[in-house]
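Taking it in order: structure first as structure tokens, then the write-up.
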Amino acid sequence: MITATGFSVQAILVKFAYSGGATAVTMLTVRFLCAAAILWSVCIARGTKLKLKRAQVLTLVAMGVFGYAAMSNLWFVALAKIPASTAGL
């Protein structure tokens with residue numbers, strides 16, 4: 001429920017950020033840094049140790065950069081050019 005709410009509010013927040021002078025790269029950087037901080041906080045609180053091999057780390061980084069980050073960047077660029085209701089389709 002929290003994720004669905006966050007995703008639906010995201011377009012509105014992006015529009016506000018653009019009006020404040022933010023760029024897509026700035027918003028993605030803040031978004032990913034916040035997500036990383038939350039992930040590490042949860043791992044530390046639970047005492048979880050991430051034991052990943054170098055190949056796994058490289059694969060995950062590649063998926064993040066070329067998959068999710070690229071898709072999010074395109075989403076933010078679309079929100080800069082067309083109305084949020086249209087971009088959401």
Side-chain angles (χ1 to χ4, degrees):
M1 201 64 163
I2 294 170
T3 303
T5 303
F7 187 76
S8 63
V9 174
Q10 177 184 17
I12 298 166
L13 296 177
V14 167
K15 290 287 190 177
F16 282 133
Y18 274 135
S19 69
T23 65
V25 173
T26 304
M27 289 183 282
L28 284 173
T29 301
V30 170
R31 181 179 176 188
F32 290 141
L33 287 175
C34 289
I38 291 169
L39 175 64
W40 283 108
S41 297
V42 169
C43 287
I44 290 169
R46 289 183 174 182
T48 304
K49 295 185 180 188
L50 298 176
K51 296 178 182 176
L52 300 173
K53 296 177 184 174
R54 181 178 170 90
Q56 291 173 312
V57 171
L58 293 175
T59 301
L60 292 172
V61 168
M63 288 173 57
V65 169
F66 298 111
Y68 190 77
M71 185 274 309
S72 294
N73 189 42
L74 292 172
W75 167 247
F76 287 172
V77 170
L79 288 171
K81 298 186 182 296
I82 60 176
S85 58
T86 305
L89 294 175

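As the structure is a computational prediction, the values presented were derived from the model and not from experiment. Computed over heavy atoms, backbone and side chain alike; hydrogens, waters and symmetry mates excluded.
Hydrophobic clustering, with ILVMFWY side chains joined whenever heavy atoms are under 4.5 angstrom apart, groups Met71 together with Met27.
Checked against side chain to side chain contact (heavy atoms under 4.5 Å, CB included), Val61 has the following partners two or more places apart in sequence or in another chain: Val57, Val65. For Thr86, the side chain to side chain contact (heavy atoms under 4.5 Å, CB included) partners two or more places apart in sequence, or in a different chain, are Ile82, Pro83. In this view, Tyr18 satisfies the ring-ring contact (aromatic ring centres under 6.0 Å, His included) rule with no residue, not counting sequence neighbours. Thr23 is linked by a side chain to side chain donor-acceptor pair (under 3.5 Å) to Thr26, counting only residues two or more places apart in sequence or in another chain. Every side chain to side chain contact (heavy atoms under 4.5 Å, CB included) that Ala84 has, sequence neighbours left out, goes to Ala11, Lys15, Leu79.
Its side chain outside the 4.5 Å cluster rule for every partner, Leu74 clusters with none of the Ile, Leu, Val, Met, Phe, Trp and Tyr residues. Taking Ile, Leu, Val, Met, Phe, Trp and Tyr as hydrophobic and joining them when side-chain heavy atoms fall under 4.5 Å apart, one finds Val30 isolated, its cluster having no other members. Ile44 forms part of no hydrophobic cluster, judged by ILVMFWY side-chain heavy-atom separations under 4.5 Å. Val77 belongs to no multi-residue hydrophobic cluster, having no ILVMFWY side-chain contact under 4.5 Å with any other such residue.
Note: Leu13 CG to Ser8 OG = 9.5 Å, rounded to the nearest 0.5 Å. Leu50 CG to Leu39 CG: the interatomic distance, rounded to the nearest 0.5 Å, is 6.5 Å.
For the side-chain hydrogen bond (donor to acceptor under 3.5 Å, both in side chains) condition, no pair includes a residue of residues 42-64, sequence neighbours left out. Applying the ring-ring contact (aromatic ring centres under 6.0 Å, His included) rule to pairs touching residues 29-66 yields Phe32-Tyr68, sequence neighbours excluded.
For the pair Ala69 and Leu28, the tightest heavy-atom approach, listed with the atom from each and the gap, is O-CD1, 3.9 Å.
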